[in-house]
Every structure is written in structure tokens, then in C-alpha cells.
Amino acid sequence: MSQLPTLEQIRQAPKVLLHDHLDGGLRPETIVDLARETGYDRLPTTDPGELRTWFRQAADSGSLERYLETFDHTVGVMQTREALVRVAAECAEDLAADGVVYAEVRYAPEQHTERGLSLEEVIEAVLEGFRIGSEGRGIRVGTLLTAMRHQARSMEIAELAVRYRDVGVAGFDIAGAEAGYPPTRHLDAFEYLQRENAHFTIHAGEAFGLPSIWQAIQWCGADRLGHGVRIIDDIAVPGDGEPKLGRLAAYVRDKRIPLEMCPTSNLQTGAAPSIAEHPIGLLRRLNFRVTVNTDNRLMSGTSVSEEFAKLVGAFGYDWDDLQWFTVNAMKSAFLPFDDRLALINGVIKPGFARLKWRA
Ligand SMILES: O=c1[nH]cnc2c1ncn2[C@H]1C[C@H](O)[C@@H](CO)O1
Ligand SMILES: [Zn+2]
């Protein structure tokens, strides 16, 4: 019997990341530097080690609303061009060091204008940072522009996603507290994007259930679902028989709608009780288009490799499973078809083949 993949081996596999927040992945050392340089004086501590622990613990609240409060500090130090370039460059470096070959990293431009940057300046700074950080590191990074669901700037952000689509912006997203802010509040933005043949994902089915997923897909036309874990509320699992899918769950599976699952984040916000009980186990068995993601590497103290390693530990996944998740993610990327195929056949499959051969 072959050995299960270890964390060290998983780090060497070519991985794909579709759901990662730029403002959720800063290095603690960088937060401390940027706070000093920009005069941000509200950090809970200026010791990088303590700060790392603080984020991890503060995010372990069991509620999405409280989890989101931790972003005040990361967003607080990301208000200048230099800060944004540095954070984006380090993000690309960190993902490349973890073996990620393609990533879509998201953030909300509207949250970075407190000190006078325009939305365009924010977007251009982040693109520049990703260009610097990716160069020569075997990684390609696209960005997703997020609009905050409790605000009313989604149309403006959607227009910018279209304007910058040929220079590194891959798509659009909405994020923030889910309960009370249904995606249909932003229907005009989604209809505009559809008319423009643009791509978008929606955070749905994380802190709120099926109605949110249903609206995201059937009213807004989402290409992918951010999290989407609550789709299991539409799957009946009898003690003895086969699981039975309701109409919405069947639609999501039949249409191969990608689920951007983020296991550790879901434990912290209370969307799942443990890794072993995470819906990803059932959804993978039922062959939904499941992908594995980090959400917020700082708040969850994680990486794509660590998320995979936790799943290996809980479900016994082997190399074929990890390759399946990775190919799913690459198929679901907001990239032209030829580019996706080239990465699957030229990078992902040969990379996994080498690891399987060694194992
Ligand atoms: O998991 C999440 N659900 C909803 N919103 C989130 C999640 N992680 C981060 N965000 C928010 C906080 C960030 O400031 C914003 C943009 O990245 O997106
Ligand atoms: Zn997210």
C-alpha cells in the first residue's frame, strides 16, 4: 500500500488557489513595519510573534462577523501605494514558496482609499506588487476585485473589474457579513458583468444557508461559489441508503459549479464543527466540483499545502485525490481555456506524476 502524502511532499506539488484574500495573508512582520511607517497605532501588539498568535486566536471566534473584525488591522496598514505593492509582492512570494503555480487573490479596493488613494491607484499598486513578486518564481497570480456586500459600491467595482480585465484582473466577487446582505442587493452589478462576458464568484452558503446559494446562482449568475458549504443542507443522508440530492444541490453538481472550499476558515467562523465533519468529505465523495483553498492564511495560520495535509489526515486522501482537487481548481479558474489546459497538461499532471512515482 502506498504511503499517504506528507506535508513536505505536498509542498512540492504544483497547486492552484482560487480563494485567498490579500488582506487576510499578510506576514506579521510586515504588518508591524507598515504600522510604524504609516503611523497606524491601533495594533494589539507590535511583536510579530505575538501578533501572529493574536490574529489566529481572535479569528477563532465561531462567528463570521467577529472573524471579520480582525481585518481592521490588516486593512488599516494597507492604505498607501508602497504598502499595497509590498503586501502583494510578498503574497506572490509566499504562495510560490508553498508550491502554488496559479492563484487568484482577492481584495476590496474600496477599503484601501482612507488616505486618499483612488480606486485605480489601489488596483494598479496591487497589480504591480503581483508582477514583482511573481517574476521568476514559477507562479501566475490574477486578482479578483471584491465589493463589500454591506456597502453600495459594487457597480463601480464591477466596472473596474471589466476595465482592468486584460491587465491582470481575472474577475469579481462580493464578501463581508452574509446574513442580512443577500447577493441580490448587487444584482445590477452582476447583470452588468454578465452583459460584459465577465467572470464572478460570490461568497455564499458560509454563514447563511441555501437561500443565499440559490440567489447567487439563479438570480445573480455566479460562475463559482465562495465556500458554498451549506449546499449540504440540500442533501439528505439516510443512515443506510445513498445520499439524495435536492434540486439545488443537483443543479450545482450537474452544472459543475465550482465550490471554493476553505476548511480551516470554516472551523473558525463556525460553518463546520471539525475537519473530519467538514462537508468537503461528502461533497468530494459525490463528485461535486470541489476545490481546496486558504481563505485567509494569516487568520487561519495556514497555506494550501497545510489545508491539503489536514484533509489527508482526516479523510485519508491520496495523490490522486489531491490531483483531482487541483485539476478541478485549474478547470474552474477565470483564465482562457487554452491557458488552463496548458497548466493542467504542462505543469500539474507532470508535477503530480513525479511525486506519485517517488511515493
Ligand atoms: O470568509 C469570508 N467571508 C466573507 N468575507 C470575508 C471572508 N474572508 C474575508 N472576508 C472579507 C474581509 C476582507 O476585508 C474582504 C476583502 O478581502 O473580504
Ligand atoms: Zn473568503
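Start at 1 and go down the list; that is how both ligands and their atoms are numbered. Just so you know, these numbers come straight off a predicted model, no measurement behind them. Nothing fancy with the numbering, it's 1 onward along the sequence.
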Is the Zn ion (ligand 2) less than 2.8 Å from at least one N/O/S atom of His19?
yes
Glu260 side chain to Leu18 main-chain N or O, any donor-acceptor pair under 3.5 Å?
no
At under 4.0 Å between heavy atoms, is it the side chain or the backbone of Asn296 that contacts ligand 1, or both, or neither?
side chain
Relative to ligand 1, is Leu64 under 4.0 angstrom through side chain, backbone, both or neither, heavy atoms considered?
side chain
I need the atoms of ligand 1 closer than 4.0 Å to a non-hydrogen atom of Gln111, numbered in the order shown.
13 (C), 14 (O), 15 (C), 16 (C)
Counting heavy atoms only, name the option from Glu69, His112, Met148 that's nearest to atom 15 (C) of ligand 1.
Met148
Nearest neighbour in protein (non-hydrogen) for atom 14 (O) of ligand 1:
Asp23 OD2, 2.5 Å
Could you tell me if any non-hydrogen atom of His227 lies under 4.0 Å from any atom of ligand 1?
yes
shortest atom 7 (C) of ligand 1-to-protein heavy-atom contact is with His21 NE2, 3.7 Å
Could you give the distance from CD (Glu120) to CZ (Arg163), rounded to the nearest 0.5 Å?
4.5 Å
for atom 3 (N) of ligand 1, nearest protein heavy atom and its distance come out as Glu206 OE1, 2.8 Å
With Glu307 as partner, the option from Thr294, Asn293, Thr264 fulfilling side chain to side chain donor-acceptor pair (under 3.5 Å) is Thr264
Would you kindly say whether Arg230 and Ser212 are connected by a side-chain donor-acceptor distance under 3.5 Å?
no
Determine which of the N, O or S atoms in Asp295 is closest to the Zn ion (ligand 2) and give its atom name.
OD1
Among all protein non-hydrogen atoms, which one is nearest to atom 6 (C) of ligand 1, and what is the separation to 0.1 Å?
Leu68 CD2, 3.5 Å
Flag for Thr30-Glu90: side-chain donor and acceptor within less than 3.5 Å:
yes
Of the protein's non-hydrogen atoms, which lies at the shortest distance from atom 5 (N) of ligand 1, and what is that distance?
Gly176 N, 2.9 Å
Any N/O/S atom from His203 (main chain or side chain) under 2.8 Å of the Zn ion (ligand 2)?
yes
Donor-acceptor under 3.5 Å (Lys15 side chain, Ser305 main chain):
no
Check: Ile174 main-chain N/O paired with Thr146 side-chain donor or acceptor under 3.5 Å
no
Can you measure from OG1 (Thr46) to CG (Asp33) and round to the nearest 0.5 angstrom?
11.0 Å
Looking at Tyr107, which atoms of ligand 1 are within less than 4.0 Å of one of its heavy atoms?
17 (O)
Quick one: does ligand 1 sit under 4.0 Å from the side chain of Asp295, the backbone, both or neither, non-hydrogen atoms only?
side chain
When rounded to the nearest 0.5 angstrom, what distance separates CG in Leu22 from CZ in Arg106?
12.0 Å
Does Gly24 come within less than 4.0 angstrom of ligand 1, counting non-hydrogen atoms of the residue?
no
Distance-only side-chain donor-acceptor flag, Asn296 / Tyr67, under 3.5 Å
yes
